[in-house]
Amino acid sequence: MDKLALIGFLIAIVGVVGGFALEGGSVFTLLHLPAFIIVVGGTLGAVMVQTPIAQFKLGFQMLPWVVRGHNLPTNSMVDRMIEWSNAARASGFLALENTALEEEDPFVHRGLNLLVDGVDPKVLQDTLDAELTLERERLLRGAKIFEAMGGYSPTIGIVGAVLGLIQAMANITDPEMLGLGIATAFVATIYGVGFANLIFIPVGNKLKNLVHQHTLHHEMIIEGLISIAHGENPRTIERKLNAYRAG
């Protein structure tokens with residue numbers, strides 16, 4: 001659980017809503033279903049138009065990472081690779097065959113299989129680097145849908161404001177409908193700007209940060225496997241990989 005993300009979200013909401021309440025405003029005036037539908041529906045629709053379905057689904061599959069976190073077993077992976085380097089140095093790469101078969105991480109599984117098959121270290125590195133690059137780009141495209149939502153949301157909020165004013169002007173002789181239209185106008189603007197800056201853009205940036213951590217973790221794995229393939233001393237590999245350990 002990423003407590004910092006939850007605390008940050010709560011502070012942002014309490015800061016905005018609490019400040020409004022301290023000024024004498026009623027929090028309930030910010031709860032406006034028509035404005036919510038305009039902003040959220042319009043934003044989602046715009047993003048769906050520009051985004052391939054696989055990318056759109058991936059983005060929302062990544063969304064739980066923001067709160068749940070994306071814990072990577074970096075420290076334990078360093079220890080395991082040092083064990084692998086000792087085994088390979090003592091008994092050859094075939095000593096890692098059972099380890100490769102039992103490995104649950106698909107990336108590590110493929111890397112170990114290539115190592116056991118005795119491929120050239122340069123081929124091993126090129127293969128894993130290409131796979132990592134493609135995976136990184138795929139995950140970043142998923143994160144970018146929230147950046148896109150953050151870009152569209154304020155503009156859709158302005159659209160909602162204009163629609164509210166149109167409704168207000170059309171019912172200028174009816175005070176109740178006039179008030180409803182003006183409320184929609186202002187609240188839609190707040191929703192558009194607020195959702196963009198308190199939710200969509202921060203979520204997109206958080207996911208990009210998590211993708212960077214994911215990439216760094218796999219770069220460490222590549223570094224370790226290539227070092228094993230070159231037959232480097234386990235102590236040298238340990239010193240090299242210790243730089244990746246989480247503090």
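All figures in this text were calculated on a predicted structure; none of them were measured in a lab.
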For this session: Let me see the working for Met77 and Val108 under side-chain contact (heavy atoms from CB on, under 4.5 Å), right down to the final yes or no.
Result: CA-CA 10 Å; Met77 182 57 69; Val108 180; 4.0 Å; yes
Problem set entry | Audit row: Met220, Val78, side-chain contact (heavy atoms from CB on, under 4.5 Å) steps and yes/no | CA-CA 8 Å; Met220 179 266 293; Val78 170; 4.0 Å; yes
Exercise. What's the verdict on side-chain contact (heavy atoms from CB on, under 4.5 Å) for Leu112 and Trp84, showing C-alpha distance, side-chain angles and the deciding distance?
Worked result: CA-CA 10 Å; Leu112 283 172; Trp84 299 343; 3.9 Å; yes
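Partner Phe146 forms a ring-ring contact (aromatic ring centres under 6.0 Å, His included) with one of Phe200, Tyr152, Trp65, Phe60 and no other, that one being Phe60. The side-chain contact (heavy atoms from CB on, under 4.5 Å) test with Leu124 singles out one residue from Leu128, Thr127, Asp126, and that residue is Leu128.
Listed by chain and number, the hydrophobic cluster partners of Ile7 are Ile11, where partners are ILVMFWY side chains within reach of under 4.5 Å, directly or through others. When hydrophobic residues (I, L, V, M, F, W, Y) are linked wherever their side-chain heavy atoms come within less than 4.5 Å, the members clustered with Phe28 are Leu31.
Ile226 and Leu216 fall within the same hydrophobic cluster, where Ile, Leu, Val, Met, Phe, Trp and Tyr residues are linked whenever their side-chain heavy atoms come under 4.5 Å apart, directly or through other members. Note: the hydrophobic cluster containing Val193 does not contain Ile37 (ILVMFWY, side chain heavy atoms under 4.5 Å, direct or indirect links). Leu165 and Ile190 fall into different hydrophobic clusters, where Ile, Leu, Val, Met, Phe, Trp and Tyr residues are linked whenever their side-chain heavy atoms come under 4.5 Å apart, directly or through other members. In this structure, Val119 is a member of the same hydrophobic cluster as Met81, with clusters built from ILVMFWY side-chain heavy atoms closer than 4.5 Å. Phe107 and Val123 sit in two unconnected hydrophobic clusters of ILVMFWY residues. Membership requires side-chain heavy atoms under 4.5 Å apart, directly or through other members.
With sequence neighbours excluded, the residues that form a salt bridge (Lys or Arg N to Asp or Glu O under 4.0 Å) with Lys206 are Asp2. Annotation: salt bridge (Lys or Arg N to Asp or Glu O under 4.0 Å) contacts of Lys240 (sequence neighbours excluded): Glu223, Glu232. Contacts of Arg138 classified as side-chain hydrogen bond (donor to acceptor under 3.5 Å, both in side chains), with partners at least two apart in sequence or in another chain: Glu135. Under the side-chain hydrogen bond (donor to acceptor under 3.5 Å, both in side chains) criterion, Glu131 pairs with Arg110, not counting sequence neighbours.
No side-chain heavy atom of Leu58 sits under 4.5 Å from any side-chain heavy atom of Arg141. The shortest distance between side-chain heavy atoms of His32 and Ile38 does not fall below 4.5 Å.
Between the side chain of Asn233 and the backbone N or O of Arg235, at least one donor-acceptor pair lies under 3.5 Å. Of the possible polar contacts, none joining the His212 side chain to the Lys208 backbone as a donor-acceptor pair under 3.5 Å is found. Not one N or O on the side chain of Asn209 forms a donor-acceptor pair closer than 3.5 Å with the backbone of Asn205.
Between Leu72 and Gln213, the shortest heavy-atom distance links the atoms CD1-O, 3.4 Å. Residues Val39 and Gly157 approach most closely at CG2-CA, 4.0 Å, considering heavy atoms. Annotation for Gln50 and Ala148: closest pair NE2-CB, 3.4 Å, computed over non-hydrogen atoms. The heavy-atom pair separating Ser85 from Ile82 by the smallest distance is OG-O, 2.6 Å. In terms of heavy-atom proximity, Asn197 sits nearest to Pro202 at O-CG, 3.3 Å. The two residues Ala196 and Gly150 have their closest heavy-atom pair at CB-O, 3.4 Å.
Rounding to the nearest 0.5 Å gives a distance of 8.5 Å between CD1 of Ile145 and CG of Leu63. For the atom pair CD1 (Ile156) and CE (Met149), the distance works out to 11.0 Å, reported to the nearest 0.5 Å. With rounding to the nearest 0.5 angstrom, the CG atom of Leu96 is 6.5 Å from the CD1 atom of Ile228. Rounded to the nearest 0.5 Å, atoms CG (Asp129) and NZ (Lys122) are 8.5 Å apart. To the nearest 0.5 Å, atoms NZ (Lys144) and OG1 (Thr51) are separated by 11.5 Å. Atoms CE and CG, on Met62 and Leu207 in that order, are 4.5 Å from each other to the nearest 0.5 Å.
Atom CZ of Phe20 is surrounded by more than 12 heavy atoms from other residues, nucleotides or ligands within 6.0 Å. For CZ of Phe56, the number of neighbouring non-hydrogen atoms (other residues, nucleotides, ligands) closer than 6.0 Å is greater than 12.
Ring-plane geometry between Tyr191 and Phe195 is classed as parallel, the angle between the planes falling under 30 degrees on a 0 to 90 degree scale with a further cut at 60.
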